[in-house]
Amino acid sequence: MSLDRLIEGIVRTQNPAVVGLDPTLDYIPGFLKEPFLAEFDDPMEGAAAAFLEYNKRIIDAIYDIVPAVKPQAAYYEALGWQGVRALCETIRYAKGKGMFVITDGKRNDIGSTMKAYASAHLGTFGAAGKQAEPFGGDALTVNGYLGTDGIAPLLEVCDERDRGIFVLVKTSNPSSGEVQDKLCGERTVYQMMGDLCETWGGEHLGKYGYSAVGAVVGATYPEQLQELRLRLPHTFFLVPGYGAQGGSAAGIAGAFDERGLGAVVNSSRAVLTAWKKEGCDERDFAGAARREALRMKEDLAAVNKAIHI
Ligand SMILES: O=c1ccn([C@@H]2O[C@H](COP(=O)(O)O)[C@@H](O)[C@H]2O)c(=O)[nH]1
């Protein structure tokens with residue numbers, strides 16, 4: 001169990017970036033969404049169909065230059081079961097294009113319930129011979145607040161199916177310090193959670209030295225990124241907060257190891273709404289997403305000179 005498939009995608013594209021697929025109707029140009037909204041009586045069905053088509057076009061525009069996508073489940077759940085179906089189909093489409101998919105669900109519960117979340121998002125349903133993947137993601141974001149028994153069922157699935165998790169350690173939002181920066185004995189809560197990631201990842205390291213248990217560390221906290229990189233040598237980072245939340249490439253530099261690995265940086269809104277910022281023809285929205293993804297790649301390369309290996 002490891003995050004090697006993600007790392008291999010980063011090496012192949014020479015791009016430590018993930019594009020967040022967080023669609024809203026507002027981001028989707030009229031020419032694309034209006035026919036779907038008109039076609040279905042149920043507004044959620046029309047919106048879900050528009051989300052899926054929009055995602056496919058974004059994926060088509062970036063899959064050769066960006067190794068991974070991160071659909072945030074909330075945007076799909078907002079449309080009920082139709083949205084959840086669009087999420088499943090988006091995951092399947094991205095995987096069909098060779099992308100690594102991180103489902104951003106931030107799940108956590110007691111062990112028995114986590115077993116259900118683990119098989120839903122990373123596992124399979126059904127018996128041998130008649131088995132299917134419910135969601136089919138490669139990795140899932142989770143909350144570690146309930147402790148080890150809430151994480152153990154995920155580790156089992158990660159082991160069996162070469163999947164990964166990213167545990168919330170130091171989140172990118174402005175209030176993250178209210179709990180995460182509090183001292184608990186001699187360690188902050190985020191340090192304690194980071195140390196647990198190293199423990200949960202255990203001895204099962206992939207060929208690049210990272211385990212299947214990654215950590216979410218926000219681009220908006222450069223000092224903590226650097227500190228945690230040194231403290232957690234086997235824990236790969238998912239770094240949200242670049243772009244729309246104000247995180248910069250310079251602030252992210254400390255997240256990478258000496259090989260240029262160690263982190264994958266997320267950008268959602270900045271890529272999805274690039275066509276609005278550019279002011280280009282709305283029919284070129286996917287082209288604008290690609291241009292923004294290439295701009296981000298260059299921006300990251302300026303602080304993370306080369307990804308060796
Ligand atoms: O600490 C965290 C954890 C998760 N997120 C998620 O990442 C994206 C960020 O979107 P942007 O549009 O690039 O700001 C979004 O899905 C969040 O739910 C985070 O921002 N911070």
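Just so you know, ligand 1 is whichever comes first in the structure, and atom 1 is the first atom listed for that ligand.
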Taking the six-membered ring of F285 as reference, does the NZ or CZ atom of R57 fall below 6.0 Å from its centre and within a 45° cone about the axis? no

How far apart are the closest heavy atoms of R269 and T273, and which atoms are they? O-OG1, 2.7 Å

So is D22 polar-close to ligand 1, meaning N/O to N/O under 3.5 Å? yes

Atom 20 (O) of ligand 1 [closest protein heavy-atom partner, distance rounded to 0.1 Å]: Q245 NE2, 2.7 Å

Assess the side chains of S172 and Q245: does a donor N or O sit below 3.5 Å from an acceptor N or O? yes

If I apply the N/O under 3.5 Å rule, does K170 come out as touching ligand 1? no

Please confirm whether the backbone N or O of L122 pairs with a side-chain atom of R161, one donor and one acceptor, at under 3.5 Å? yes

Is it true that the side chains of Q191 and E227 contain a donor and an acceptor less than 3.5 Å apart? yes

Can you tell which of T235, D195, T148 makes a side chain to side chain donor-acceptor pair (under 3.5 Å) with W200? T148

Identify the protein heavy atom lying closest to atom 4 (C) of ligand 1, giving its residue, its atom name and the separation to 0.1 Å. K106 NZ, 3.2 Å

Under a 4.0 angstrom heavy-atom cut-off, which atoms of ligand 1 come close to T171? 1 (O)

Which one holds for D104 and ligand 1: side chain close, backbone close, both close, or neither close, with close meaning a heavy atom under 4.0 Å? side chain

Quick test of your reading of the structure: of Q72, R269, K70, whose heavy atom lies closest to atom 8 (C) of ligand 1? K70

Short version for P240: what comes under 4.0 Å of ligand 1, heavy atoms counted, is side chain

With a cutoff of 4.0 Å, is N173 in contact with ligand 1, counting heavy atoms of the residue only? no

Quick one about N173 and T171 (side-chain donor to acceptor, distance below 3.5 Å, no hydrogens or angles considered), yes or no? yes

Closest non-hydrogen atom pair, N266 against K70: OD1-CE, 3.3 Å

Protein contact of atom 21 (N) of ligand 1 - nearest heavy atom, named by residue and atom, plus distance: S172 OG, 2.6 Å

Identity and separation of the nearest protein heavy atom to atom 10 (O) of ligand 1: S268 OG, 3.2 Å

